[in-house]
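Data block below; observations after.
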Amino acid sequence: MCVSILLAALPADGGRRGSAERRPQPCPGGVPVRSGDATFPKAMDNVTVRQGESATLRCSVDNRVTRVAWLNRSSILYAGNDKWCLDPRVVLLANTKTQYSIQIQDVDVYDEGPYTCSVQTDNHPKTSRVHLIVQVSPKITEISSDISINEGGNVSLTCIATGRPDPTITWRHISPKAVGFISEDEYLEITGITREQSGEYECSASNDVAAPVVQRVKVTVNYPPYISDAKSTGVPVGQKGILLCEASAVPSADFQWYKDDKRLAEGQKGLKVENKAFFSRLTFFNVSEQDYGNYTCVASNQLGNTNASMILYEETTTALTPWKGPGAVHDGNNGAWRRGGCAWLLALPLAQLARQF
């Protein structure tokens, strides 16, 4: 009824030749349209556009039309050449004998809804409706913070995203051993987490309107030290010797060295203790007889401790050494020089000569 009254109030030329003074009305933002013109008296087909774009609503007319108007729900946007709404984003593009179109700039979600093109022909009003849909790129609005948890605990991660249409949310573990998605939901639950499940977890939100948006959460799994390598070493007297202790732990382990029950300290004469995040190195610069024996590496953090024993022993390999007199030989067992004489060196050639005669 209100459309009929409006059209009846317009001048017969549909407002195309002049602009009568009208009382402006507030109006929701117009809805963007992209598709082509439709055949009169039908307006454009239902269309979909993205948030922030400009759009055009077109209505085909012909010489039978005497009055025209665009409405959004119950609000009049334009009647002929006259603007009835206060929204500066809505502008008149064309009011000709074949087309009546308006444009809505910087479209937002509240512009979505039905729009009506109303025309007057031979004193009979006709209307055509188009429903416009505004798409919105996905946006992650809430995601869990980085978390640190002890091994065996339970983890719950949350990722909330908005968009139109509603985005699909997936979780995956960023790890060389991880394969595919581990969750296709806003929530990721991990029961009895292990150290292998530590690392970054990526939340992805996608709705095909724009590229997926991703954010990551770092999950740190704490566990007590585990010594992975600790080997005994043989070193000759007077040489440099090294004992190495490797351990994995989160947080990183603190290392201590003991010989028997005595703790070794950094700066002790002839020794150097070098501690890193995942190993400790005990260096002997000039091994003496007193250095040989059993050593214990202790690795600890706030979750526990472990230890491993290793032996620094005298190397038992016997080798020939440079001449220091007839028959001088180095005994790797005790480091002493002894004279063996030269007789054994001559025995082999003499025996070979005897065979020839």
Side-chain angles (χ1 to χ4, degrees), residues 1-137 164 209-210:
M1 180 64 70
C2 64
V3 174
S4 301
I5 296 174
L6 165 67
L7 294 175
L10 289 175
D13 62 358
R16 295 172 187 156
R17 297 190 179 90
S19 178
E21 190 69 26
R22 305 293 181 186
R23 186 168 62 107
Q25 300 179 18
C27 64
V31 179
V33 179
R34 287 182 178 173
S35 61
D37 294 334
T39 303
F40 176 81
K42 184 180 179 182
M44 302 173 63
D45 295 332
N46 292 351
V47 295
T48 301
V49 294
R50 297 177 183 177
Q51 184 182 40
E53 294 180 343
S54 294
T56 301
L57 291 172
R58 298 183 182 92
C59 187
S60 296
V61 296
D62 61 18
N63 55 10
R64 293 174 295 167
V65 175
T66 58
R67 299 177 180 87
V68 289
W70 269 108
L71 298 88
N72 180 358
R73 301 179 181 87
S74 60
S75 299
I76 303 169
L77 303 179
Y78 265 90
N81 291 326
D82 298 329
K83 185 174 183 179
W84 284 61
C85 74
L86 298 177
D87 194 334
R89 299 175 305 133
V90 182
V91 296
L92 179 66
L93 287 187
N95 184 8
T96 68
K97 295 181 179 180
T98 59
Q99 185 183 116
Y100 185 54
S101 61
I102 60 174
Q103 184 181 72
I104 300 92
Q105 302 165 347
D106 192 19
V107 174
D108 211 335
V109 292
Y110 52 76
D111 296 320
E112 185 171 291
Y115 286 75
T116 302
C117 174
S118 181
V119 300
Q120 179 78 24
T121 60
D122 300 328
N123 296 321
H124 296 291
K126 296 182 179 180
T127 62
S128 182
R129 176 176 292 187
V130 57
H131 191 91
L132 303 187
I133 300 171
V134 179
Q135 289 187 332
V136 181
S137 302
R164 296 166 71 104
V209 176

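Predicted, not measured: the structure shown is a model, and the values here were computed from it. Residue numbers count from 1 along this sequence. FYI, side chains are in, hydrogens and waters are out, and symmetry mates aren't considered; it's all heavy atoms of this structure.
In this structure, CG in L71 is found 6.5 Å from CG in L77, a value given to the nearest 0.5 Å. Atoms CD1 and CG, from I102 and N95 in turn, are 11.5 Å apart once rounded to the nearest 0.5 Å. Separating the CD atom in Q135 from the CD atom in E53 is a distance of 9.0 Å, to the nearest 0.5 Å. Considering OH of Y115 and CZ of R73, their distance stands at 6.0 Å, rounded to 0.5 Å. Here the straight-line distance linking atom CG of L57 with atom CG of L132 works out to 5.5 Å at 0.5 Å rounding. Rounding to the nearest 0.5 angstrom, the gap separating the OG atom in S54 from the CG atom in D106 is 7.0 Å.
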Worked verdict on Q51 versus D108 for side-chain contact (heavy atoms from CB on, under 4.5 Å)
CA-CA 5 Å; Q51 184 182 40; D108 211 335; 2.7 Å; yes
Evaluation steps, side-chain contact (heavy atoms from CB on, under 4.5 Å), between Q120 and T66
CA-CA 6 Å; Q120 179 78 24; T66 58; 3.5 Å; yes
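The backbone N or O of L93 lies less than 3.5 Å from no partner atom in the side chain of Q103, so there is not a single donor-acceptor pair. In terms of modelled atom types and a separation under 3.5 Å, the side chain of T116 and the main chain of S118 share no donor-acceptor contact.
Taking 4.5 Å as the limit, some side-chain heavy atom of V119 sits within range of a side-chain heavy atom of C117.
Contact between G80 and L92 at its shortest, heavy atoms only, is O-CD2, 4.1 Å. Residues W84 and A79 come closest through the heavy atom pair NE1-CB, 3.4 Å. Closest non-hydrogen pair, K83 versus P88, comes out as NZ-CA, 3.7 Å. Of all the heavy atoms in W70 and Y100, the pair that sits closest is NE1-O, 3.2 Å. Minimum heavy-atom separation, V209 to R164: CG2-O, 3.6 Å. N72 approaches P114 most closely through the heavy-atom pair OD1-O, 3.3 Å.
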